2 protein chains.
Amino acid sequence: MDNRSVKPISRGELARVTGCNLETIRYYETVGIMPNPPRTAKGYRSYDDSLVRRLKFVMRSRDLGFSLEEIRGLLGLVDDRTQTCAQVQTVAEAHLDDVQAKIADLMRIERVLSETVARCTGDGAPKCAVIDALLEA
Amino acid sequence: MDNRSVKPISRGELARVTGCNLETIRYYETVGIMPNPPRTAKGYRSYDDSLVRRLKFVMRSRDLGFSLEEIRGLLGLVDDRTQTCAQVQTVAEAHLDDVQAKIADLMRIERVLSETVARCTGDGAPKCAVIDALLEA
DNA sequence: CTAAGGTCTGTAGCTGATACAGGCTCAAGA
DNA sequence: TCTTGAGCCTGTATCAGCTACAGACCTTAG
């Protein structure tokens, strides 16, 4: 299987094949995540295979919760042929720490919330354990 | 201990006693989370004890990850003396579901990320398991 | 009296998109 | 060939949830 004849595609097609929102592609262009693509004679954006792969990379990074800033960093390491595994590891580990901290936060919230909800009688009374918990100093 | 003589406080003091950012207080006013407070003769905002308690309620709800929309709902139930425990329970349980879904998402991300980072050699080589994982289709 | 700090207003900026208006352009059918 | 509907172009507005800043007042301690 050769890739020789892969034709450039339009923005709409790029959106379709990557699952990215049409407008978001333009947004990524303005914030420098995606480069200004070549244009057709009439000014239509034209994406070749390397740009398709780049956006797929972005989408997968986004799925893993990397911020645009972090994605920019990862893309820089991909683009820069002198990148090292250690540099990538640093970014990924920092993000992993973030994710773990968020999980811990949410689990604390979950515990408080479920304990409080459990004290609800759930009836038609105007007295509620949740409200009391939120009101008490 | 009586509360009779609790004096109204300024916006700066309210920020201090609630831990809320000074500007955020004004923001909450514009979006209807906090009411327009009474003013001094010279136009300074003046918060009495009931408004202090209201903002503390908001801050605690925020700590538990309720959105402003949800907080508005909770405040409505607090303000409306015909509120029922069942109504509050509904809001709180919906939020609990949200929180649990977010935890599940983040745990999936955490798993993928830590598995991938574990495959990093962390050396000076330009080949990296994390980048490969993000690049592969 | 003066200087430092608090407060007032309106507005801009942030992240990460998403949406919409108004105008071209392209492709397919009659 | 004409037409019509879809796709693409641009710039700009909107969303949540704040945060920050400028420039003008006001208050208070020394």
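Source: prediction; values computed, not measured. Heavy-atom basis, side chains included; hydrogens, waters and symmetry copies ignored. By convention in this document, chain letters (A, B, ...) are assigned in the order of the sequence lines, proteins followed by strands, and residues within each chain are numbered from 1.
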So, using side-chain contact (heavy atoms from CB on, under 4.5 Å) as the criterion, who are the partners of [X] when residues are at least two apart?
X	result
D132(B)	K127(B)
R119(A)	T116(A), A129(A), A133(A)
N21(A)	E23(A), T24(A)
S46(A)	P8(A), T40(A)

Could you state the [atom1]-[atom2] distance from [X] to [N], rounded to the nearest angstrom?
X	N	atom1	atom2	value
M59(A)	dG16(C)	CE	P	14 Å
Y27(B)	dG13(C)	OH	P	18 Å
I33(A)	dG16(C)	CD1	C1'	10 Å
L55(A)	dG16(C)	CG	P	16 Å
E69(A)	dC14(C)	CD	P	12 Å
R72(A)	dG16(C)	CZ	C1'	10 Å
N21(B)	dA16(D)	CG	P	19 Å
L14(B)	dC8(C)	CG	P	11 Å

Tell me, please, which residues at least two apart from Y27(B) pass side-chain hydrogen bond (donor to acceptor under 3.5 Å, both in side chains). none

D105(A): side-chain hydrogen bond (donor to acceptor under 3.5 Å, both in side chains) partners, not counting sequence neighbours: none

Sorted by first residue and then second, give each ring-ring contact (aromatic ring centres under 6.0 Å, His included) pair with at least one member in residues 46-77 of chain B; sequence neighbours left out. F66(B)-H95(B)

At under 4.0 Å between heavy atoms, how does the protein contact nucleotides 3-11 of chain D? Give one character per nucleotide, 5' to 3', with B, S or -. ----BSSBB

Could you list by number each residue of residues 91-108 of chain B showing a heavy-atom separation from DNA chain C of less than 4.0 Å, or answer none if no residue does? none

Given side chains that start at C-beta, do those of I25(B) and M34(B) come closer than 4.5 Å, heavy atoms only? no

Are OP1 or OP2 of dC18(D) and a side-chain N or O of Y28(B) less than 4.0 angstrom apart? yes

State whether T24(A) places a side-chain N or O below 4.0 Å from either non-bridging phosphate oxygen (OP1 or OP2) of dA17(C). no

Is there a donor-acceptor contact under 3.5 Å from the side chain of R11(B) to the main chain of L22(B)? yes

